[in-house]
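Here's the structure, in structure tokens; my notes come after.
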Amino acid sequence: MALGKFNAAEVEARIYADWEAAGCFAAGANARTDAATYSVMIPPPNVTGVLHMGHAFNNTLQDVMVRWHRMRGFDTLWQPGTDHAGIATQMVVERRLAETQQPSRTKLGRDAFTQKIWEWKAESGGTIVSQLKRLGASCDWSREAFTMSGAPGAPQDVSSGNFHDAVIKVFVEMYNKGLIYRGKRLVNWDPHFETAISDLEVENIEVAGHMWHFKYPLAGGATYEYVEKDEDGIEILRETRDYISIATTRPETMLGDGAVAVHPSDERYAPIVGKLCEIPVGPKEHRRLIPIITDEYPDKDFGSGAVKITGAHDFNDYQVAKRGNIPMYNLMDTRADMRADGNPYAVEAAIAQKIANGEQDFDEAMIAAMNLVPDEYRGLDRFDARKRVVADIIAEGLAVMVDNPDFDAEAEADPDRRVGNLPTIPKVENKPIMQPFGDRSKVVIEPLLTDQWFVDTDKIVGPALDAVRNGDVKILPESGQKVYYHWLENIEPWCISRQLWWGHQIPVWYGPSVTHVTNDDGTASDDWDTQNPVHFCGATMDEALAQAVDYYQPSGAFGYLLPDEAENAEASISIPFDEHGQPVRLWRDPDVLDTWFSSGLWPIGTLGWPEDTPELAKYFPTSDLITGQDILFFWVARMMMMQLAVVDQKPFDTVYLHGLVRDAKGKKMSKSTGNVVDPLDLIDEYGADALRFASAAMASLGGTLKLDTQRIAGYRNFGTKLWNAASFGERNGTFDVPHSDAIPDATLTPNRWIKGEIARTREAVDTALTDYRFNDAASALYGFVWGTFCDWYIELTKPIFDSGSEAEIAETKAVYAWGLDQCLILLHPIMPFITEELWGQKVRPKRLIHADWPTYTAADLAAPDADSELGWVTGAIDAVRSARAQMHVPAGTCICARAERTASIAPVTQPNSL
RNA sequence: GCGGGAUUAGCUCAGCGGUAGAGCACUUCGUUGACAUCGAAGGGGUCACAAGUUCGAUCCUUGUAUCUCGCACCA
């Protein structure tokens, strides 16, 4: 059968199915005996995901490396799988419930909702996997993993493995080692998803904002001399004030102020430090007085130099408040609306005032329960509350006033021109401010004081830094190392608890704490406290129960356990009796773990840890990690920390980081800009090989990735060129002889020359891929196949096929067939489909995966009498000339114009004629 | 503010201590012989700027400018 046109769509589907059916991608396929191992972990795409250009690029690079190693006989594993992606997936499924008029998440309840997610996953969770297959990804799909496999409620057949147990085991181990703790901290709170998120999930974006200047009146109408001096110490302003001026961008948080802070060296406010001032919001009769304190934090030169301290709603203030033991009043609920719970404002304010006066002790729990939002603001959206507060303060005349630049006294005096301007207006500065947004929800993040679980990153960061510093783990390009160091050296505790339902539920059960107290009369009793519960952390309910028994037994006459008759028997335990003679009830932490906590265990988790599996022994630590630099902190650094903390081994040898794929002009692809390129469209139009070749060609170390479809079209053409080269060979009968792996002998100069060129190309490709220089490999191949093999060698063989001797033709056929075969082998990692197709159609009767990567060198193949490329080229031209002589072609005619020009033999008089 | 990166042909980008490279675009010519998704020929660059190191700098050093990306951030 003659070669027809190359139909990418048809070929790709057929060949991929053949590969899978033949088990070409299974771990260890094509491995030599005693082969070294090569393993790669796919960066698990979100199970909700669809393939975008970043995936296409990233997975192409992985596939190139994996195929290259597999062909070289390595025992190769490319481990695929998907990530459960807590927030993203919960968001998608919630949206879908709404679209299909199904009950909402909250109506369904936790169990039913997670069941919906499992159903959704079974239905459409495989989308991205099938898309990766279209790209040609040679993952071992039989090992496909999922970061929620094995979780309660998971269908048995969903995915192989039990990732859940691994995640839970790690949590328990880290908890037991003191690497994980729970605490009340100010965290980034996403009011849309109503969950805490980590620092990394917050995007700070500059938006237009305002800074309002308000007066906090001094208590009891006290006054002081306010003196402003310039740089030279010369007095520029002196006035008697009965207030302190405060600037804020967030007036709604004034309600939770605990103090006003000034810098200790700020002379302007020295007279009033230690005095009280009044928060100018809320009902007059219950306005709170707060102290004026000193702290290093305020900047004398910014604003008025005085800062209101709202510990529960600002990260800087939080630190000040902790230093100064200032109470932190939480003003908002989980949706960032002004709180509507608790006692009426009058009651709460009175208590707060006692605290401010030092007349009442306070603790965190008590403060957290207090609601200091005035009644009329309760339940308001935070931004509505801001408007109300501002309006109320201004109406009361407690805003700082400044000259109105628009005020025109004459005009105001003239009844016809009067516009009602006032000579002074409230001081409001328009000012760009950095505002935190949730990376998924896109709503403004609120610092919120809540109880959360944290990884004590300080304790596990050391080995992760050392491994890179001492070269155990290499990060490419090198600039990635510096970024890695910079982040890890300044690492903050990692908040890992999420108030979501889709995820690994934290394996901690709480129970009331019990303390023995000796009463005044000498009797002993137990003090039960559910506000400050004890933790029982265990991989299973039974483990937690055992701990609970140990804890509670010594504290009383608790001899045995009783099964709880409550509905939720799983999460409760009965121990007779507490102080009221009631069973002791445990309750499980409802929160789940940050998705990145589980994906941080991807390397060991997918290989079967904590079981001591053969795969773990063989493929871990993995070889290369190829991923986007945007998840260096999210994922790479955390894998480093966690693998080292859990199994005391590095997760991989080398990290290859690449940038974001941008459009042809270098702009970020985004839906709103409308410049998103769908890789599947590109595959449809140009074929997967063209997209892959373009990806490889773009992938210079540290280079920018601008995707130009013109370029992809060019590589599609390259495929056509290759196809036509095969077609030329076919027409000349080069594939008539059964395929042989043996390197054919050559006596004719062009044949001897091309063998050397092929060997040089093989060396170039190997060198390039060894150094992760995909673009070098691509350009070496492009240049060789098009510029050398097609432009020169084919031209050189024409006269031989036309008029050479039988022996010459036979030799040339053999060399040509072998040469094309070598082209296909070298191209295969980048262009697997077209090479495989040519292989199956004509060149060699086996799956290419069984074609071993060549190891010859130029020295092996180049003839001993020609040690330089120029020598070979010159010889080749001689061959052309002698062939021409045999054909009696008139002098001056050119068969290979370029060859003649290079050797400066003769001017081209009739280009391309024969 | 801290930290990366960039600046080379019209465009997009490689590269390198010793004659400046590719693709695309452009110009001219060429289609019955693998290929028009093609072939042949060709034009086009003070390698951002300045100083330094060197026999020699686009490359190394320092500085400047412009651009860009992370991280943080002043109420």
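What you see is a predicted model, and the numbers here were worked out from it, not measured in a lab. Lettering of chains follows the sequences in order, A, B, ..., and the numbering in each one begins at 1.
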Interface polar pairs with nucleotides 8-11 of chain B, N/O, under 3.5 angstrom:
none

Could you go through nucleotides 66-72 of chain B and list every protein N or O atom that sits under 3.5 Å from one of its N or O atoms, giving the distance for each pair?
residue: B:G70; atom: OP1; partner: A:K668; partner atom: NZ; Å: 3.4
residue: B:A72; atom: OP2; partner: A:N204; partner atom: ND2; Å: 3.3

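Listed nucleotides B:A14, B:A25, B:C35 differ in distance to A:E795; the shortest reach to its side chain belongs to B:C35. The side chain of A:I794 sits closest to B:A34 out of B:U37, B:G23, B:A34. Checked against B:A75, B:C74, B:G4, the side chain of A:K482 finds its nearest nucleotide in B:G4. Residue A:T249 has its side chain nearest to B:A75 when only B:A75, B:G5, B:G39 are considered.
Ring orientation note: the planes of A:W723 and A:F6 are tilted relative to one another, at an angle of 30° to 60°. Under the 30°/60° scheme for interplanar angles, the aromatic rings of A:Y656 and A:H658 are found to be tilted.
Between A:N724 and the phosphate of B:U37, there is no side-chain N or O to OP1/OP2 separation shorter than 4.0 Å. For B:C38, one of the phosphate oxygens OP1 or OP2 lies less than 4.0 angstrom from a side-chain nitrogen or oxygen of A:N717. Between A:K721 and B:G39 there is a side-chain N or O to OP1 or OP2 distance below 4.0 Å. Phosphate contact (OP1/OP2 of B:C74, side-chain N/O of A:K300, threshold under 4.0 Å): absent. Distances shown here put a side-chain N or O of A:S700 below 4.0 Å from the OP1 or OP2 atom of B:A14. Neither OP1 nor OP2 of B:A14 sits under 4.0 Å from any side-chain N or O of A:R773.
With respect to the salt-bridge test (charged N to carboxylate O, under 4.0 angstrom), the residues A:R382 and A:E446 qualify. Note on A:K308 versus A:D257: salt bridge recorded, some NZ/NE/NH1/NH2 to OD/OE distance being below 4.0 Å. Looking at A:E757 and A:R760, a side-chain N of the basic residue comes within less than 4.0 Å of a carboxylate O on the acidic one, giving a salt bridge. Taking 4.0 Å as the cut-off between side-chain N and carboxylate O, A:R773 and A:D771 do not count as a salt-bridged pair. Taking a cutoff of 4.0 Å between a charged side-chain nitrogen and a carboxylate oxygen, A:R711 and A:D708 do not qualify as a salt bridge.
Only the C1' atoms considered, B:G1 is 32 Å distant from B:U8, to the nearest whole Å. When the P atom is used for both B:U64 and B:G4, the distance is 15 Å, rounded to whole Å. Taking atom P on both nucleotides, B:U46 is separated from B:G10 by 8 Å, rounded to a whole Å. With both ends at atom C1', the span from B:G52 to B:A22 equals 33 Å, rounded to whole Å. Taking atom C1' on both B:G21 and B:U58, the two are 13 Å apart, rounded to the nearest angstrom. Nucleotides B:G43 and B:C26 are separated by 9 Å at their C1' atoms, to the nearest Å. B:U28 and B:C67: their P atoms are spaced 39 Å apart (whole Å). Taking the P atom of each, B:A14 and B:A9 are spaced 12 Å apart, rounded to whole Å.
Nucleotide B:A50 forms a pair with B:U62, judged by Watson-Crick or G-U wobble geometry with both contacts under 3.5 Å. Pair assignment for B:C24 gives B:G10, based on Watson-Crick or G-U wobble hydrogen-bonding distances that are each under 3.5 Å. Base-pair partner of B:U32: not found among the strands shown (Watson-Crick or G-U wobble, both distances under 3.5 Å). Pair assignment for B:G3: B:C69, on the basis of Watson-Crick or G-U wobble contacts that are both within less than 3.5 Å. Across the strands present, B:G56 finds no partner; the criterion is a Watson-Crick or G-U wobble pair with both atom distances under 3.5 angstrom. Checking B:U19 for Watson-Crick or G-U wobble geometry (two distances, each under 3.5 Å) identifies no partner in any strand.
Toward the 5' end of RNA chain B, the nearer of the two residues A:V307 and A:L705, judged by each one's closest nucleotide, is A:L705.
Using a 4.0 Å heavy-atom criterion, one finds that A:P298 contacts the bases of the nucleic acid, with or without backbone contacts as well.
Between A:Y686 atom OH and B:C24 atom P the separation is 14 Å, expressed in whole Å. Taking atom CH2 of residue A:W792 and atom C1' of nucleotide B:C35, one finds them 19 Å apart after rounding to whole Å. Rounded to a whole Å, the CZ atom of A:F784 is 18 Å from the P atom of B:A22. For the pair A:E730 CD and B:A34 P, the interatomic distance rounds to 13 Å; values are reported in whole Å. Separating the CD atom of A:E429 from the C1' atom of B:A75 is a distance of 11 Å, rounded to the nearest angstrom. With rounding to whole Å, A:N490 atom CG is found 18 Å from B:G1 atom P. Between the CH2 atom of A:W786 and the C1' atom of B:A40 there is a distance of 14 Å, rounded to whole Å. Atom CZ of A:R716 and atom P of B:C35 are 17 Å apart (whole Å).
A:E228 and A:Y226 share a donor-acceptor pair across their side chains, judged by distance under 3.5 Å alone. Side-chain contact annotation: A:H210 with A:N430, donor-acceptor N/O pair under 3.5 Å present.
Here the closest heavy-atom approach between residue A:L488 and residue A:A464 is recorded as CD1-CB, 4.2 Å.
In this structure, the ring of A:F728 has its center less than 6.0 angstrom from the ring center of A:Y816.
In this structure, A:R716 forms no cation-pi arrangement with A:Y686, as its terminal cationic atom is not both closer than 6.0 Å to the ring centre and no more than 45° off the ring axis.
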